[in-house]
Structure formats: C-alpha cells, structure tokens
Amino acid sequence: MLGATTVVPPAYSKWSAPPKSKQEVVAAAAVATAAAAAAAKKAPGLLGEVPKITGDVKKALTEFEKNLSKAPVIMELAHLTKLGHLHVLIYLVVALIYVILVACNFYGGFLTFALSVGWPVVKSLRAAESCKKEDVQTWLAYWVITALMTLMEYAIDAVLTLFPFYYFLKMLFVLWLIIPYCNGSYILYVGMLKNVLPPMKKPDAPAPKKEENKFSKWNIPAELLKK
C-alpha cells in the first residue's frame, strides 16, 4: 500500500485573482476609508440636502438684493441710514406692520410706550457719554415732554377712549421728537421749555481780598522812623 501523498495547491489558479502587491492594498484601504467618511458626513434623507438648499437661498438673496438696489426709495434710505438694501427692506416691512397695528389700536398704548422709551434710552446714554451740550439738552427736553405727556394721559384716560386715532397721532408726535432730521425735542426746548422757568442766576464772583497793611505801629521800618 502506497503512502498518501500531500498535494500542495498552487498559490492561485485560473479561478482566483492573483495576490495584490502591498501598494495596491494600501491604496484600496485609503479609498475605502474615504468612501466611509463621505458616507458618514452625508446625512440621510432631507438633511443631506440642507447644504444645497442653503447655498441656493444665499444665491437668491444676493440676486434679490441686487434688484433692490435699483429701487429709488430703497437706494435713498440705504444712503441715509448707511445700511444694506435688504436690511432697509426688512426695517420698512417691520415699520409698516407697526404702523398698521397702532392705527388699528391693537395694543396701541403698549406699542407707543415702547417706541417712546426704547430708542430714546439708548440715545440718552450716548448723549451722557459724549457730554455734548446740544445732545444733553435735546434728550433732557424729550424726557420732560414725555413725562408731561404721560401725566396728561393718566389725567384724561377716560376721555382718550373717545379718540380712536389718539395713539396713531401720539406715534407721529413721538417720531417727530426723536428723529434727528426733525429734532422736535430741541425745537420745543428752545421755543417753549427754555422760557418756562426764570434763568438761573450765575454765582457771584468772590470778593477780592483786601490787602493787609504791611506797616503798623509795631512793625514800622527804622528808616521811616528816622524821617
């Protein structure tokens, strides 16, 4: 009986691919790693489309702002306020909604109160820091007018309900007071408030000091006594 012989299979046959070199194995691993990382970054479903949608929105906004620059009103307001055309449009829409709400007396008291306090507080702090006489006088006069107006509202609160457009008129009056191009507060201060109280008296200048007599009977120089 012949002994069993062990048959060693070849390294590869016609049915199997030849072994890869070390460089090919490293390149294949790098490609697989990059594909896995890309698949991990890409969110499934609609979340994967968010970057594309964001880019489209930015392009649309840029094109829309270019078209806004052709509108005369937007151009003039952007030049005056030093703001972008899109920001000017947003502020115009907010202002239009605000005016409609006040005109319809929908929270008119609160909205006009917020208008008369919010921006003036900021400008008053700026005036206090700058210490410019005209700015300080303007905003001090504004707060005096606002206090008098609030006192009047409390006094005739029952009568104000008979005037449906009171808060709309108040809104226009407050805007006239606080808008720098109107400068209503300073106009009222110079025209009315400045003359309500008598002018303050300037403090008296200190009296000049009397010069003390250098000579007395106790300290007369000897030269004078000889004469």
Side-chain angles (χ1 to χ4, degrees), residues 61 64-65 67-203:
L61 288 176
F64 182 64
E65 190 166 3
N67 295 330
L68 281 177
S69 61
K70 301 177 183 178
V73 177
I74 301 294
M75 289 177 59
E76 186 66 23
L77 291 176
H79 176 71
L80 292 175
T81 58
K82 310 300 181 184
L83 296 174
H85 298 89
L86 186 59
H87 292 85
V88 171
L89 179 63
I90 293 173
Y91 290 143
L92 281 178
V93 172
V94 173
L96 180 61
I97 295 173
Y98 178 88
V99 171
I100 292 174
L101 292 177
V102 174
C104 296
N105 202 12
F106 186 79
Y107 290 101
F110 171 76
L111 292 175
T112 51
F113 178 76
L115 175 66
S116 63
V117 172
W119 181 245
V121 166
V122 178
K123 296 299 290 183
S124 299
L125 293 175
R126 291 287 183 264
E129 293 174 359
S130 65
C131 296
K132 292 182 180 178
K133 182 179 179 180
E134 184 177 348
D135 292 343
V136 173
Q137 288 177 345
T138 298
W139 290 108
L140 282 177
Y142 171 80
W143 290 114
V144 171
I145 296 169
T146 303
L148 294 176
M149 186 166 52
T150 305
L151 183 63
M152 181 197 69
E153 287 180 350
Y154 276 107
I156 58 174
D157 185 38
V159 181
L160 293 179
T161 56
L162 302 176
F163 299 94
F165 293 103
Y166 168 74
Y167 290 113
F168 181 76
L169 297 176
K170 178 184 176 182
M171 177 195 69
L172 296 179
F173 179 66
V174 171
L175 288 175
W176 179 72
L177 291 176
I178 66 177
I179 292 178
Y181 299 102
C182 300
N183 209 6
S185 298
Y186 189 75
I187 293 174
L188 288 181
Y189 168 75
V190 174
M192 297 176 56
L193 298 178
K194 189 176 182 180
N195 301 321
V196 170
L197 297 176
M200 296 180 61
K201 293 183 178 180
K202 295 183 179 180

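Scope of the values below: all heavy atoms of this structure, side chains included, with no hydrogens, waters or symmetry mates.
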Going by heavy atoms in the side chains, are [X] and [Y] under 4.5 Å from each other?
{"X": "Tyr107", "Y": "Leu101", "answer": "no"}
{"X": "Leu115", "Y": "Ile178", "answer": "yes"}
{"X": "Ile156", "Y": "Phe163", "answer": "no"}
{"X": "Tyr154", "Y": "Thr150", "answer": "yes"}
{"X": "Val174", "Y": "Thr112", "answer": "no"}
{"X": "Tyr166", "Y": "Glu153", "answer": "yes"}

Point-to-point distance, once rounded to the nearest 0.5 Å, from [atom1] of [X] to [atom2] of [Y]:
{"X": "Thr138", "Y": "Leu188", "atom1": "OG1", "atom2": "CG", "result": "10.5 Å"}
{"X": "Leu148", "Y": "Met152", "atom1": "CG", "atom2": "CE", "result": "9.5 Å"}
{"X": "Lys123", "Y": "Trp139", "atom1": "NZ", "atom2": "CH2", "result": "6.5 Å"}
{"X": "Leu177", "Y": "Leu172", "atom1": "CG", "atom2": "CG", "result": "11.0 Å"}

Aromatic ring pairing Tyr91/His87, orientation class (parallel under 30°, perpendicular over 60°, tilted between) |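 Tilted, since the angle between the ring planes falls between 30° and 60°.
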
Over 60° means perpendicular and under 30° means parallel, so classify the ring planes of Phe168 and Phe165, tilted if in between.
->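 Taking Phe168 first and then Phe165, their aromatic rings stand perpendicular (interplane angle over 60°).
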
Within the side chain of Tyr98, is there an N or O that forms a donor-acceptor pair under 3.5 Å with the backbone of Leu111?
->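 Yes: the side chain of Tyr98 pairs with the backbone of Leu111.
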
For residues [X] and [Y], report the shortest heavy-atom separation together with the two atoms involved.
{"X": "Gly109", "Y": "Tyr167", "result": "CA-CE2, 3.5 Å"}
{"X": "Tyr142", "Y": "Val117", "result": "OH-N, 4.5 Å"}
{"X": "Ala141", "Y": "Ser185", "result": "CB-O, 3.8 Å"}

Is it true that atom CH2 of Trp119 has more than 12 heavy atoms of other residues, nucleotides or ligands lying nearer than 6.0 Å?
->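 No, because the 6.0 Å sphere around CH2 of Trp119 holds 12 heavy atoms or fewer from other groups.
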
Met192 atom CE, neighbour heavy-atom count above 12 within 6.0 Å =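 No, not enclosed.
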
